[in-house]
Amino acid sequence: MPELPDAILFDLDDTIIRAYAKPEEAWARLLDGYRAPLSAGPAGEDLDRLRGVIVSEARTFWSDPAAAARWRLDISGARRLVVRAAFARLGRADPALADELADAFTELRRREYALYPDSHATIDALRAAGVRLALVTNGQSEIQRAKVERFDLAHRFEHIQIEGEFGKGKPEPEVYVHALAKIGAPPARAWMVGDNLEWEVVMPQRLGMRGIWFDPHGDGLPDDAAARPDRVIRRLGELLE
């Protein structure tokens, strides 16, 4: 086993569980089931185009830090805004159908949440090795707590910190400082593990932590990425190798 830190802060979504990864693929499956109601009007001419516009609108929406901080606590509402904006770009005036699609996508994602195969084993091995663990996640309290219970995570962490309960979310510095204080670890002896470069690499490194980037699909760093992770892993179990 490699040298381990005193403490590790773990992200939840798309790190311990698969939650929101590969939206293009998920939207393609959903829209295929709505082929009939989407057949009329500009948006029905090409489902691939509609999918592309929805994904583009989502990226634009979530790239605004202020909007992201506001709407992370209402993901379903954010999706309605995104799909309505996509319909508007395509000249389709059908807010009821846009909302139906958005809500169906939210439910699809919820049903398909899945624990990454080695999550429990890795977390349990780290705890057994004496590493102090905290789960630090953005999002609404009710939704994130449901995931914690659904995937049997509560007893595996000394501290669980959810944006909707704490009042602040990543990448605000207070989030990491507070979590480390709760488990009694200095930044220099702690790692942050997660899939978001800004939240799990850039800010933790500024605070003196090591930032470990989780890249389960092997996509590699974006060409324009300024972040330089201390380590890149494709499986959580690599933390023990």
Side-chain angles (χ1 to χ4, degrees), residues 2-17 19-20 62-75 116 119 122-149 151 153-215 221 225-233 236 238-240:
E3 181 180 357
L4 294 169
D6 293 347
I8 300 178
L9 308 185
F10 276 97
D11 174 48
L12 174 61
D13 294 320
D14 295 312
T15 299
I16 292 174
I17 66 171
Y20 305 119
W62 292 110
S63 68
D64 179 344
R70 156 68 176 86
W71 289 99
R72 283 197 303 263
L73 302 179
D74 184 6
I75 294 291
Y116 280 112
S119 292
T122 301
I123 293 166
D124 291 347
L126 289 168
R127 289 177 65 237
V131 181
R132 311 193 74 171
L133 304 178
L135 183 65
V136 182
T137 179
N138 286 353
Q140 183 195 33
S141 175
E142 182 179 359
I143 291 173
Q144 300 305 83
R145 282 287 171 188
K147 294 173 187 173
V148 168
E149 294 304 316
F151 295 105
L153 298 173
H155 70 93
R156 291 184 153 91
F157 293 92
E158 288 187 44
H159 175 61
I160 293 177
Q161 187 168 303
I162 298 172
E163 178 183 18
E165 297 170 357
F166 180 60
K168 293 180 182 293
K170 295 176 289 185
E172 296 184 68
E174 297 91 337
V175 170
Y176 313 89
V177 172
H178 184 264
L180 289 176
K182 293 294 289 187
I183 59 176
R189 291 291 303 159
W191 298 353
M192 178 79 221
V193 179
D195 68 301
N196 186 294
L197 286 169
E198 176 66 25
W199 300 352
E200 276 87 51
V201 175
V202 174
M203 182 55 70
Q205 287 177 339
R206 288 177 185 167
L207 296 172
M209 303 170 63
R210 291 187 68 192
I212 314 296
W213 187 50
F214 184 57
D215 180 26
L221 289 169
R228 289 295 176 263
D230 291 288
R231 188 176 176 190
V232 177
I233 59 173
L236 292 184
E238 290 179 47
L239 296 172
L240 301 166

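Counting begins at 1 with the first residue of the sequence. Computed over heavy atoms, backbone and side chain alike; hydrogens, waters and symmetry mates excluded.
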Can you check whether [X] reaches [Y] side chain to side chain, under 4.5 Å on heavy atoms?
| X | Y | answer |
| --- | --- | --- |
| E172 | H178 | no |
| L221 | R228 | yes |
| L9 | Q161 | no |
| D230 | Q205 | yes |

For this session: Spell out, as yes or no, whether a donor-acceptor pair under 3.5 Å connects the side chain of E200 to the backbone of I212.
Result: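 Side chain of E200 to backbone of I212, a donor-acceptor pair under 3.5 Å: no, none is there.
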In Å and rounded to the nearest 0.5 Å, what is the [atom1] to [atom2] distance from [X] to [Y]?
| X | Y | atom1 | atom2 | result |
| --- | --- | --- | --- | --- |
| E174 | K168 | CD | NZ | 4.5 Å |
| W199 | Y176 | CH2 | OH | 8.5 Å |
| L239 | F10 | CG | CZ | 5.5 Å |

Problem set entry | Test side chain to side chain donor-acceptor pair (under 3.5 Å) applied to D11 - qualifying residues, sequence neighbours left out |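 By the side chain to side chain donor-acceptor pair (under 3.5 Å) rule, D11 matches T15, K170.
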Problem set entry | Pairs where residues 180-193 contributes a residue and the test salt bridge (Lys or Arg N to Asp or Glu O under 4.0 Å) is met, not counting sequence neighbours |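 Residue pairs with at least one partner in residues 180-193: E3-R189, D6-R189.
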For this session: Kindly state each residue pair satisfying salt bridge (Lys or Arg N to Asp or Glu O under 4.0 Å) with at least one member in residues 124-134, sequence neighbours excluded.
Result: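 Every pair satisfying salt bridge (Lys or Arg N to Asp or Glu O under 4.0 Å) with a residue in residues 124-134: D124-R156, R132-E158.
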For this session: With L135 as reference, evaluate I16, I8, I162 under the side chain to side chain contact (heavy atoms under 4.5 Å, CB included) test and give the passing residue.
Result: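 For L135, the side chain to side chain contact (heavy atoms under 4.5 Å, CB included) check succeeds only for I16.
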